[in-house]
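What follows is a set of notes on a single structure, which appears directly below.
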2 protein chains.
Amino acid sequence: MKKATMKDVANLAGVGVGTVSRMINGTKVKQSTYEKVTQAIQALDFIPDETARGLKRAMTHTVALIVPTIWHPFFSEFAYHVEKFLSQHDYKLYLCNSDGQSEKEVEYVKLVDQNRCDGIIAITYTDIENYISDGIPFVSIDRLFTQDVAYVASDNKRIGQLAFEVLVGSEATHLAYIGSHNLIKNRTMERGESFEGEAKKANVRFSKLDMLEPVLDNKSQIKQFLIAHPTINGIFAINDYEALDVLTVLDELGRKVPEDVQLIGCDGIKMSAERDYVVSTIKQPTEEMAKCAVDMVISLAKGEEIQKEQLLDVTFIQRGTTR
Amino acid sequence: MKKATMKDVANLAGVGVGTVSRMINGTKVKQSTYEKVTQAIQALDFIPDETARGLKRAMTHTVALIVPTIWHPFFSEFAYHVEKFLSQHDYKLYLCNSDGQSEKEVEYVKLVDQNRCDGIIAITYTDIENYISDGIPFVSIDRLFTQDVAYVASDNKRIGQLAFEVLVGSEATHLAYIGSHNLIKNRTMERGESFEGEAKKANVRFSKLDMLEPVLDNKSQIKQFLIAHPTINGIFAINDYEALDVLTVLDELGRKVPEDVQLIGCDGIKMSAERDYVVSTIKQPTEEMAKCAVDMVISLAKGEEIQKEQLLDVTFIQRGTTR
DNA sequence: CTGTTAGCGCATTCAA
DNA sequence: TTGAATGCGCTAACAG
């Protein structure tokens, strides 16, 4: 049977379409009509056409999430929470994998102009700020824009400090930072900078390996570095993947973790909700970041004024790679 | 500036709206008008309103993907590929986390009736077949429906066979299957069944631990089982997570892998594209499954007739838990 | 090849 | 409180 429209409902209930529309949108109607219409809706299995509503209201109740790839535990955890919170507000989510390519990001940003979604939450590490037509509801994650773009990020400076505190607190005497970066300024760089800053300030022995992306021979560079600095006994890696690679290399070098060397990662990734963290780590508050981003983007979509910057706190998670 | 509409473009170019529409939809027009219109489009930054197109054509070029949770490497890999293939066909993807709850699945299935999407790809382990109004474009993954629902699955019988062949081929003499299942009939159960069948057929010593979900004390049950059957030296786990738990328990019991005991998981999960598999495993052809599902759902959305059953082949991936 | 027009299904204005 | 009418932006049918 063909899908029922509002007109069908109105006819069956013996009222005007306007009345049905108002009822659906929550305007109060007389009790008797309410019942008639409700019956008609049920009888016809009527479900409002969201496309038509979208056209009329110029609002889709949809948000696009742009990530480099959903196939990564940090992004998939984030996406999970974003969808959860959006869903609580009755919003739908477009999933957009950019593969880190600027052109794809730009393509997905157009979803707003096409009226396919009301706003965008994006994790990008390329240069797209120039393509964000201003005025579109856009919330960036962990990214510092020069322009007037809303963002939520975890406190990356605090991450470096915390890593320092933990390592020194458990008697590391020669610290090292191991990480990589690309040319776009993003906030993860601050992790290493503040870690280094703390070490220098406290006059603790410090070395670093900061590679320029794309990094092809990550593990061999790490190995070289660790051989060159054999006294390192406290390592802070820029993220948990890097930490896992460091762990592998340490193992190859026959160095015991955490007895000989302690290691802290960053991000707090887990393969999935019920699995454990992979190393001792500084955890980003993924769920709060998602909630924050959702609240912001919905507010922006409604044209409300918001606090454009949100910095959230991080926590240390103790696992097997520190004592 | 307000968004330009087709009418604006038509006015500026001095043509009718129909002409503009036809141009956008690829109908041939005279070279001179083509140029005029193209200029007007660029001048006005015109982007067609997809909501209006959707209303008119009753087609949204959007597909919904329902998964238990995107925060799981198998589902996020699958979702990654699904989005990639959809994108190649110029389709968008709604991400839907069901948390394994039937009500949420039903809610998301309604997206089709709301005209928010043209079809659905779903990985479900609950009893929703009754809620799928027939006729809606629905493709199920790894799930055996009693009704006339299209599905794509990997060859789960072959999975069990392959696991058997590999283990026996590398000289395991006492095989075991470790897994769990719930009450909904799904195809993963076939993995253990065919594995057991092969063992019986070949007269190889065989034990099994098949737990009923929800399993609360997975590892302790595994430990008990392995202690009760100390001669087991070849284990097939229903999936890679189960295999990881088995690995942990074996380690606790001081049994060397793969020297004392060999272990094969299933699914072939990786934390992300560039990371490695976590154990020796029988890999599901995730990417092909995604391609297949996308092709099927788009065909169904177009009203085409399709082959409703697709069984795809699996492969053994050798890693550190087998010799 | 092109302009005009009639809806797609709904929300909203204006009268009643 | 309600019905009727108008139009959101676009596509497709029709006439030229």
Side-chain angles (χ1 to χ4, degrees), chain A residues 1-38 40-41 44-62 90 110-118 302, chain B residues 1-38 40-41 44-62 90 110-118 302:
Chain A
M1 196 190 67
K2 213 171 135 279
K3 217 172 110 38
T5 73
M6 230 169 63
K7 202 166 155 194
D8 301 326
V9 175
N11 285 150
L12 181 59
V15 300
V17 286
T19 306
V20 180
S21 171
R22 271 169 296 224
M23 247 195 60
I24 286 174
N25 291 292
T27 310
K28 275 267 169 284
V29 297
K30 201 165 46 175
Q31 180 66 21
S32 62
T33 43
Y34 177 87
E35 281 161 13
K36 280 190 298 186
V37 174
T38 305
I41 287 177
L44 295 174
D45 246 337
F46 172 68
I47 296 184
D49 185 315
E50 291 297 328
T51 301
R53 301 181 91 188
L55 174 59
K56 196 62 202 158
R57 306 190 299 196
M59 278 276 140
T60 58
H61 272 218
T62 298
D90 233 338
K110 286 199 190 130
L111 288 173
V112 174
D113 295 323
Q114 295 174 151
N115 266 318
R116 294 181 80 121
C117 68
D118 300 338
K302 290 180 179 164
Chain B
M1 196 190 65
K2 212 170 136 277
K3 216 173 111 38
T5 74
M6 229 169 64
K7 204 167 153 191
D8 301 326
V9 175
N11 284 149
L12 181 59
V15 300
V17 285
T19 305
V20 180
S21 172
R22 270 172 300 232
M23 248 195 61
I24 287 174
N25 291 293
T27 310
K28 275 267 170 284
V29 297
K30 201 167 45 173
Q31 179 66 19
S32 61
T33 43
Y34 177 86
E35 281 161 13
K36 279 191 299 186
V37 174
T38 305
I41 287 177
L44 295 174
D45 246 336
F46 171 69
I47 296 186
D49 184 315
E50 291 296 328
T51 302
R53 301 180 90 186
L55 174 58
K56 192 63 202 166
R57 306 190 298 196
M59 278 274 141
T60 58
H61 272 219
T62 297
D90 232 341
K110 284 198 191 131
L111 287 171
V112 174
D113 295 322
Q114 295 175 150
N115 266 318
R116 294 181 78 122
C117 68
D118 300 338
K302 289 181 179 164

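Keep in mind that what you see is a predicted model, and the values were worked out from it rather than measured. Quick note on labels: first sequence line is chain A, next is B, and so on, each numbered from 1.
Pairs engaging residues 3-16 of chain B under the salt bridge (charged side-chain N to carboxylate O under 4.0 Å, His left out) rule: none recorded [sequence neighbours left out].
Residue B:Thr51 is out of contact with every strand shown, counting any heavy-atom pair closer than 4.0 Å. Note on B:Tyr34: nothing from the nucleic acid sits closer than 4.0 angstrom, heavy atoms only. Nucleic acid contact class of B:Thr27 (heavy atoms, under 4.0 Å, all strands): none.
Here chain A contacts DNA chain C (any atom closer than 4.0 Å to a heavy atom, that is under 4.0 Å), and the contacts span C:dG9 to C:dT13 from 5' to 3'.
Look at CG on A:Asn11: it is 10 Å from P on D:dA4, rounded to the nearest Å. Rounded to an integer number of Å, the gap from NZ of A:Lys36 to C1' of D:dG3 is 12 Å. At whole-Å resolution of the value, CD in B:Glu50 and P in D:dC8 are 19 Å apart.
Between B:Lys56 and B:Arg53 there is no side-chain heavy-atom pair separated by less than 4.5 Å. The closest side-chain heavy-atom distance from A:Val37 to A:Val29 is not below 4.5 Å. Between A:Thr33 and A:Met23 there is no side-chain heavy-atom pair separated by less than 4.5 Å. Contact annotation: the side chain of B:Glu50 never approaches that of A:Lys110 to less than 4.5 Å [non-hydrogen atoms, C-beta and beyond]. Counting only heavy atoms from C-beta outward, the side chains of B:Val20 and B:Val15 approach each other to under 4.5 Å.
From B:Arg57, atom CZ reaches atom OG1 of A:Thr51 across 11.0 Å, with rounding to the nearest 0.5 Å.
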What N/O pairs connect the protein and nucleotides 11-13 of chain D at under 3.5 Å? Give each pair on its own line.
| unit_1 | atom_1 | unit_2 | atom_2 | d |
| --- | --- | --- | --- | --- |
| D:dT11 | OP1 | B:Asn25 | ND2 | 3.3 |
| D:dT11 | OP1 | B:Arg53 | NE | 2.6 |
| D:dT11 | OP1 | B:Arg53 | NH2 | 3.3 |
| D:dT11 | OP2 | B:Ser21 | OG | 2.8 |
| D:dT11 | O2 | B:Lys56 | NZ | 3.3 |

